[in-house]
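Letters A, B, ... mirror the listed sequences (proteins, then strands); counts begin at 1. Worth saying up front: this structure is predicted, and the values here are computed from it rather than measured.
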Amino acid sequence: MEEKTLPRILGFLCKWCSSTGADLAGVSRLKMPASLIPIRVMCSSRVNPIFVLKAFLGGADGVLVSGCHPGDCHYQSGNYYTRRRFAVTKKIFEELGLDTNRIRLSWISASEGQRFVNVVTEFTENLKKVGKNPVKAEVFL
Amino acid sequence: MVKIGLYLCECGPNIAEAINLDKIAEQIKKDNKVAGIEQHKLLCSEDGKKFLVESIKKNEFERIVIAACSPKQHETTFMEVMSSSDLNPYMFQLVNIREQCAWMTPDKEAATSKALRSIRAAINRVRHHDALQQKEIDCNPDVIVVGGGITGIEAALRTAQKNRKVYLIEEQKLGGRLREYGLLFPTMQPAQEFLNKKITEVKNTGQIRVFENSKVKEILGFFGNFVATIENKDREEIEVNAGSVILAIGANPFIPTGLAKYGYGTFDDVYTAAEFEKMTSSNNITTKSGNPPKSVAIIHCVGRKRLGYCSKVCCTNSMKIARYIKEKLNGVKVIQFYKNLCLPDKKYDEFYKKTKEKGIEFLRFSDIEVTKEANQMMLKYKQENDNEDALPVDMVVLSTGLIPNPKTEDFAQMLNIPVDEYGFFKEEHMKLGPISTITEGVFIAGCAQGPHSINDSMVQAGAAAGKILSSLVPGRRLQLETKTSYVSETMCIGCGVCVDICAYGALTIDESKRISVVNEVLCRGCGNCASACPSGAARHRHFTTKQITQEMIEILK
Ligand SMILES: Cc1cc2nc3c(=O)[nH]c(=O)nc-3n(C[C@H](O)[C@H](O)[C@H](O)COP(=O)(O)OP(=O)(O)OC[C@H]3O[C@@H](n4cnc5c(N)ncnc54)[C@H](O)[C@@H]3O)c2cc1C
Ligand code: SF4
Ligand code: SF4
Ligand code: SF4
Ligand code: FES
């Protein structure tokens, strides 16, 4: 069955842009692998680096953080903080010797259904190459 | 154990055909985490909603998970159902198994498994939901308009109505820049006639209280409840209350003193377009020697490079001036020296054609210098093809753009709104919120936001008025965002990190307690502070770390 071999991706999507873009993909009947399960947040700036680390320790093969394009955040500057926090997360990943290919930050607008599908499809393909999450610790911090 | 009810929506064939709902029901039943599972063909239909209310009540469910479509589609629908079922609307989680599963996953098994995971996550999340109360505050429908130019006047006229007072505060006299104009483009109507009619209207509208020769000393408060301290013409301080503020403080013409080649301030008969307007409004066009000029050059785009933006009104205004001179003085030669003609309105093209028909010359230049030879002003210029030439003229009009009112910065600081790279007020969003600012209830219109024609300024004033009329209704209370943040007193270390990141100034440090507090009226509920707080004290309602983590755990199981 397809599902067993698919990488498991957690997707934090902001309500205003990325969630709407993701829904547009569905409305447009675009197809993509069933690898990513979205978690809706009001703004991508709600995504604390700890969430990403926890997801990874919880067994996620990949984590996508997605918000509005720079300058378009519904809350003015939220996504600039997201960008900075993501850079920090990447650093932590490197320090821990983890593969930074497992985390991804993408700006997806409300009208970019196709882009959402492209991002998820490409990320899924990449993760297939990277392989299953080696940590797989069932323990949660 | 808390009684959670799960409802699966078939959405006609939309979900039922793409996802095996029976299998989902079977699995969830095995998990033994919900008190009941129901399935329905169309949950959002009248019949579906009735079914929900009855079923929720009958089963005495306390929390609800609905697996259906996107929250964009029906989250509010089902929150209303929650209320009708005597449950708090936030004790609910909607799972999007239509757009995110059924419609994008061709393989039924994969779609079913993804939907199952998402539903389990929602069940795990909803058990940690807190009941949230819709907060409301009294609000004041009155309006403060700062600046009594044409924009402020129009904004006041459009907002004043029964049950809604307007305070129109003007530093000098009502009218703004227009008080010094002769004619107006593109209609060529006398400016004073147009303006006086508007001012009479203001005076006749009982609901507008005009403060002339007055200053705004301070504006405090927030959407629905602002307080302004005004210093009136007798230098008394007066306090007025209003729910919203329109900033219409306009802009100033650029004075080209620093640009030596135009001869401004050096030679007698070199004027800015704004100064020339003053002459036309007094209807007297003569050179310093007292004679009418025989030739006039109008130079476009003066200072354009220095300012860094096009002021949109100067080209058409130059043509207006040219036409005025041509009509006033018999046999006068009028030449327009331009670089690029900017005609940003469909009416302006026609205006340009008419101007040409009147025998006004247009000359494209790449460089220009105003000089004087033996008491005669000479224009030395380089054409596009690099040919150099010189032309004797009696008068030069420099068409300069508009620059921000120096007070812009003061108001920006007072009301926590940003200014753009040039110093004008910055709108919330170029396309989606061109007259709103990031501070709710504060609007910007007219030249305070950037150079605009009278017509465009008035359109903005009307748009701001429309926003106010629809959001602050007399007698209605203002509903606040429920998913705001709050600070745990025991956890907060008073570091101030959250204060700096909040784009809305919703967080402040309470000096007596040395902890941060959230102003719930200002908080828009983005959750940024909750991510930034180093001690876990700032918490985002409905998006708590616990709720998100519990959702994650199930997704990853
Ligand atoms: C030379 C020239 C000619 C023009 N001719 C035309 C034309 O023919 N047709 C056309 O469509 N457009 C024309 N324009 C553009 C036109 O001037 C503007 O569209 C118009 O002035 C915008 O009005 P406003 O109310 O936004 O700003 P303003 O006219 O600048 O008015 C702002 C008002 O706010 C007041 N104010 C400022 N600061 C404060 C404060 N702190 N407290 C209280 N009050 C304050 C000022 O005293 C002023 O009364 C011309 C522009 C220029 C420069
Ligand atoms: S609630 Fe949503 S999924 Fe269910 S029938 Fe209505 S539109 Fe379709
Ligand atoms: S949730 Fe957003 S708007 Fe509210 S206080 Fe925190 S940072 Fe400010
Ligand atoms: S960031 Fe956290 S600890 Fe620091 S002041 Fe704000 S709420 Fe308190
Ligand atoms: S709302 Fe989309 S990133 Fe802030």
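By the 6.0 Å contact criterion, CZ on A:R29 is enclosed, its count of non-hydrogen atoms from other residues, nucleotides or ligands being greater than 12. Heavy-atom contacts from other residues, nucleotides or ligands closer than 6.0 Å to NZ of A:K31 number more than 12. Around the NZ atom of B:K467, the shell of radius 6.0 Å holds no more than 12 heavy atoms that belong to other residues, nucleotides or ligands. Other residues, nucleotides and ligands contribute at most 12 non-hydrogen atoms within 6.0 Å of the NZ atom of A:K91.
Distance check: A:M42 CE to B:R524 CZ gives 11.5 Å after rounding to the nearest 0.5 Å. Atoms OG and CD1, from A:S45 and B:I501 in turn, are 7.0 Å apart once rounded to the nearest 0.5 Å.
Side-chain contact check for A:V63 versus B:M552: every heavy-atom pair is 4.5 Å or farther apart. Looking only at side-chain heavy atoms (C-beta outward), A:D72 and B:H429 come within less than 4.5 Å of each other.
Note on B:P71, B:C101, B:A503, B:P418: by heavy-atom pairs under 4.5 Å with chain A, the leading option is B:P71. Ranked by heavy-atom pairs under 4.5 Å with chain B, the first of A:S44, A:A25, A:C43 is A:C43. Per-residue counts of heavy-atom pairs under 4.5 Å with chain B were compared for A:A60, A:G71, A:S77; the largest is that of A:A60. Ranked by non-hydrogen atom pairs under 4.5 Å with chain A, the options B:K483, B:M104, B:H540 are led by B:M104. Each of A:D23, A:N48, A:I37 has some count of heavy-atom pairs under 4.5 Å with chain B, and the biggest count is that of A:D23.
Smallest separation of non-hydrogen atoms from A:A34 and B:T105: CB-CG2, 3.8 Å. Closest of all the heavy-atom pairs between A:Y75 and B:Y504 is CA-OH, 3.0 Å. Heavy-atom minimum distance, B:I555 versus A:R8: O-CD, 3.6 Å. Minimum heavy-atom separation, B:I548 to A:F51: CD1-CE1, 3.7 Å.
In this structure, the portion of A:Y81 lying under 4.5 Å from any heavy atom of chain B is its side chain and not its backbone. Residue B:Q73 does not touch chain A at all, counting heavy-atom pairs closer than 4.5 Å. No part of A:V117 comes within reach of chain B, as not one of its non-hydrogen atoms sits under 4.5 angstrom from that chain. Residue contact with chain B, scored on non-hydrogen atoms closer than 4.5 Å, involves the side chain of A:F12 exclusively. Heavy atoms of A:I39 lying under 4.5 Å from chain B belong to its backbone as well as its side chain. Contact annotation for A:R40: both backbone and side-chain heavy atoms come within less than 4.5 Å of a heavy atom of chain B. The contact between B:A532 and chain A is made by backbone and side chain atoms together, counting heavy-atom distances below 4.5 Å.
Using a 4.0 Å cut-off between a side-chain N of Lys or Arg and a carboxylate O of Asp or Glu, A:K15 and B:E75 do not qualify as a salt bridge.
Considering B:C529, B:S531, B:C526 as possible partners of A:R46, the one that fulfils the side chain to side chain contact (heavy atoms under 4.5 Å, CB included) test is B:S531.
One N or O on the side chain of B:K114 and one on the backbone of A:L36 form a donor-acceptor pair closer than 3.5 Å.
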Before giving the answer on side chain to side chain contact (heavy atoms under 4.5 Å, CB included), spell out for A:L10 and B:E551 the whole-Å C-alpha distance, their side-chain angles and the decisive distance to 0.1 Å. CA-CA 10 Å; A:L10 204 66; B:E551 194 176 353; over 6 Å; no
